[in-house]
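Only one structure is covered here, and it is reproduced in the block below.
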Amino acid sequence: MIRVENLSKSFDGQPVLRDVSLAFVQGKTNLIIGRSGSGKTVLMKCLVGLLEADSGQIWYDDRDFSSLGFRGRRLIRKELGMLFQGAALFDSMNVNDNILFPLNMFTNMSHKEKQQRVDFCLDRVDLQNVHHLYPSDLSGGMKKRVAIARAIAIKPRYLFCDEPNSGLDPPTAILIDKLISEITSELNITTVVNTHDMNSVMEIGDTVAFIHRGALWWTGSRKEILHTGNNELNQFVYATELMRTIKPETRP
Amino acid sequence: MKLFYHIGRYFMLLWIIVQKPEKASIYRRQIIVELDHLGLESLGIVAIISVFMGAVVTIQTAFNTDHPLLPIYAIGFATRQSIILEFSPTVISLILAGKVGSRIASEIGTMRVTEQIDALEIMGVNAAGYLILPKIVASMIINPFLVVASMFLGIFGGWLAAGVTGVVPLGNFVYGILFEFDPFDVFYALIKTVVFALIIASVSGYFGFYTRGGALQVGHSSTRAVVFSSIYIIIFNLILTQLLLV
Ligand SMILES: Nc1ncnc2c1ncn2[C@@H]1O[C@H](COP(=O)(O)OP(=O)(O)OP(=O)(O)O)[C@@H](O)[C@H]1O
Ligand SMILES: [Mg+2]
């Protein structure tokens, strides 16, 4: 469970997040949706401390992240995995070493145990025989899957994914969504996913929070999202012809 | 004002860098990797420049000290002193600031703009320490070796020039090379080298680490790393020369 209370953030006097309060539930895939530039990435970076919020509090279960110093934060970060919008694999290492890296850094496993864990994680994201490849040799979807494998290598309690399926073809996008959702319930972790893809919302959105111009506009489940009277959210949900064809008549 | 901001942030970064490493074995392994990247890969350029500069210094000294009151061995002596006291520690460090400094800044800068540093931080790794400390340590270990190699090769270049051009008889030249040799001179040169190595790796690491933006800014950072490392080397050369020789 992660809780955010009254989070605000501005850049050079320009507010990007306005007084956001939100909770992310353990064992569920929690989605943050919103249009491009609405502040999803900034919100996620504030959650993990890559950006410093101007005001507000962030709780990891019963630990107040915002009041911790960098040593205390480092302890929480060891329980946390993140998938960046651009995958952020280490260029200088091959796939195997990328996934080994957190294991080498933070565990005292034997060499054999570590290699087994790497193989397990790669298998989990449905990748075989890529150990020796470098990130520049991988396709976009493969990079994201390797990044997921790296993020789950040390069994995180909290998983953050920033646009895990942007730029991928629909079957691969769904595959990655499903993967994140399965891992979440398997490991019973708290997962937060940024997306602007309505397919993801309908596939894996256990809880959905809609951010509009930096403010929390709406929260609910993926079932409720089709029947909301909220104007901005409706524009977002029914932006495509495809979605409009399944639009239920809300008003007689 | 901007200057004080940078100096303050530079020392704060140094403070983060020297925090206790998560796992010493990983840092040790990184140091070995960097010894290769930053040291051995520079050996070629150091060798070429040293041999040629040694030759040029000898020929120049020979032509400019053509005076009946000056003994001929003075040419060898002056060549040795120039190479050991200034050329090898300072000029070679400036060359390394260009080669190694730009490499460090662009490597770390690229990791910054592609969020690889964020990925490290998220894992709970001290990214600044992990990326910069091994480079500083490796430079401070390997640069003295490069400089000692440069001293030998520079003097060798001078000897070669003397032999080939005949501007000075080899016997006199070698006598001058060995004339009143004081090991403190080498010690002084190595102290300077170690300080310059610290400057090159930490200043370049600083500019790389605080890169913002994209590929263009990585280029800017690497240029700035070279410019500022060179400036600080020149300034500290003056300060250390005053402190150690006077
Ligand atoms: N470092 C920064 N400095 C200044 N402004 C920033 C910075 N980072 C983000 N912003 C601004 O914050 C706003 C929200 O950006 P953010 O990256 O969170 O959008 P997003 O919702 O993730 O969009 P997308 O779906 O396109 O990724 C944008 O207007 C952006 O210009
Ligand atoms: Mg974003």
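In the text below, chain A, chain B and the rest are named by the order of the sequence lines, each starting its count at 1. Here the structure is a predicted model, which is why all the values come from computation and not from measurement.
Proximity to chain B is absent for every atom of A:Leu83, based on heavy atoms less than 4.5 angstrom apart. In this structure, chain B has heavy atoms under 4.5 Å from both the backbone and the side chain of A:Leu80. Of the two parts of B:Ile122, the backbone and the side chain both hold a non-hydrogen atom closer than 4.5 Å to a non-hydrogen atom of chain A. Using a 4.5 Å cut-off between heavy atoms, B:Gln19 touches chain A through its side chain atoms alone.
Aromatic rings from A:Phe101 and B:Tyr130 are positioned such that their centres are separated by under 6.0 Å. Ring pair B:Phe228/B:Phe207: centre-to-centre distance below 6.0 Å.
In the displayed structure, B:Tyr10 atom OH is contacted under 6.0 Å by more than 12 heavy atoms of other residues, nucleotides or ligands.
Between A:Lys155 and A:Glu79, none of the side-chain N atoms (NZ, or NE/NH1/NH2) sits under 4.0 Å from a carboxylate O, so this pair counts as no salt bridge. Looking at A:Glu52 and A:Lys9, no side-chain N of the basic residue comes within less than 4.0 Å of a carboxylate O on the acidic one, giving no salt bridge.
Contacts with chain B were tallied for A:Gly81, A:Ala87, A:Gly49, A:Ala88; A:Ala88 has the most, counting heavy-atom pairs under 4.5 Å. Most heavy-atom pairs under 4.5 Å with chain B, from the set A:Lys45, A:Arg73, A:Arg77: that is A:Arg77. Interface check for chain A: of the options B:Leu120, B:Thr114, B:Ile16, the most heavy-atom pairs under 4.5 Å are formed by B:Leu120.
Residues B:Ser139 and B:Ala197 share a closest heavy-atom pair of O-CB, 3.6 Å.
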